[in-house]
Amino acid sequence: MALRAVAASRGLRRFFSTSTLPAFNPLPTADAAQQKQDAEPSTNLFISGLNKRTTTTENLKQKASEFGEVVHAKVVTDRVSGYSRGFGFVEYANLEDAAKGVAGMDGKYLDGWVIFAEYAKPRSTQTPPSSNVSSPYGNRYPPYGRQ
DNA sequence: GGTGAGCGG
């Protein structure tokens with residue numbers, strides 16, 4: 001009668017239940033922790049949100065010097081047009097100053113614009129390929145990209 | 001000349 005059907009469905013439900021529980025990821029915290037990873041700490045900082053109309057190099061260096069020893073500070077400008085591209089790079093002397101610079105400049109105002117400071121990606125540890133012909137430095141290069 | 005996410009010589 002119906003008792004057999006109820007018992008059978010209950011048994012099937014228990015079977016599916018026991019076979020479904022440990023099937024998927026029992027520890028989603030490990031995957032979430034792997035996804036939540038900030039940029040690797042480095043002395044080079046990527047500053048975005050700068051004002052395009054003015055060369056904020058001096059202001060950026062002065063602003064970054066308040067949180068640590070700044071080795072380099074530059075606003076990236078287009079080579080052909082010469083206009084600022086709105087972002088720059090700041091290199092600190094050590095990682096602690098870089099961390100303080102990020103915590104101190106990220107989300108702050110600079111020249112009327114909110115800037116964003118985070119760790120920059122390592123562009124290249126080798127000499128650029130376009131440095132054998134039209135380079136004012138010849139084969140030698142200034143100490144850029146040093147760590 | 002100068003938009004508004006982005007990664008430079």
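This is a predicted model, so every value here is computed, not measured. Side-chain atoms are counted along with the backbone in the values below, which use heavy atoms only and exclude waters and symmetry mates.
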Please tabulate, for the side chains in residues 104-111 of chain A, all donor-acceptor contacts under 3.5 angstrom to protein atoms that are two or more places apart in sequence or on a different chain.
residue: A:D106; atom: OD1; partner: A:A117; partner atom: N; Å: 3.1
residue: A:K108; atom: NZ; partner: A:G104; partner atom: O; Å: 3.2
residue: A:D111; atom: OD2; partner: A:T54; partner atom: OG1; Å: 2.6

- Message: I want to confirm an ordering. Mapping A:S81 and A:E118 to their closest nucleotides on DNA chain B, which one lands closer to the 5' end?
- Response: A:S81
- Item | Atom-to-atom span, CZ of A:F89 to P of B:dC7 - whole angstrom | 9 Å
- Winner on side-chain proximity to A:N44, out of B:dG8, B:dA5, B:dC7, is B:dG8
- Over how many whole Å does the gap from A:L50 atom CG to B:dG4 atom C1' extend? 11 Å
- Task: Using a heavy-atom cut-off of under 4.0 Å over every strand shown, decide if A:I115 touches base, sugar-phosphate, or nothing.
- Result: nothing
- B:dG6 base stacked by A:F46 (centroids within less than 5.5 Å, tilt under 30°): no
- Take atom CG of A:D78 and atom P of B:dT3, then tell me their distance rounded to the nearest Å. 16 Å
- Task: Not counting sequence neighbours, which residues clear side chain to side chain contact (heavy atoms under 4.5 Å, CB included) with A:A120? List them please.
- Result: A:N44, A:F46, A:F89
- Message: Expressed as a whole number of angstroms, how long is the span from A:I47:CD1 to B:dG6:P?
- Response: 16 Å
- Item | Exam field: side chain A:Y92 to backbone A:A64, donor-acceptor pair closer than 3.5 Å | yes
- A:E66: partners by side chain to side chain contact (heavy atoms under 4.5 Å, CB included), with sequence neighbours left out: A:K63
- Task: For A:K52 and B:dG4, give me the distance from atom NZ to atom C1', rounded to whole Å.
- Result: 6 Å
- Distance, rounded to the nearest Å, where A:R85 contributes CZ and B:dA5 contributes P: 15 Å
- Message: I want to confirm an ordering. Mapping A:R53 and A:F87 to their closest nucleotides on DNA chain B, which one lands closer to the 5' end?
- Response: A:R53
- Task: Measure from CG on A:N51 to C1' on B:dG6 and round the result to the nearest Å.
- Result: 16 Å
- Query: Do A:F87 and A:V102 belong to the same hydrophobic cluster, where Ile, Leu, Val, Met, Phe, Trp and Tyr are linked whenever their side-chain heavy atoms lie under 4.5 Å apart, directly or via other members?
  - Reply: no
- Task: For A:F116, check ring-ring contact (aromatic ring centres under 6.0 Å, His included) against everything at least two apart and list the hits.
- Result: none
- Task: Could you check which residues of residues 62-69 of chain A get a heavy atom under 4.0 Å from DNA chain B? Sort them by number, please.
- Result: none
- Pairing residues for A:A103 by the side chain to side chain contact (heavy atoms under 4.5 Å, CB included) criterion, not counting sequence neighbours: none
- Touch check for A:G49, heavy atoms < 4.0 angstrom, all strands: base, sugar-phosphate only, or nothing? base
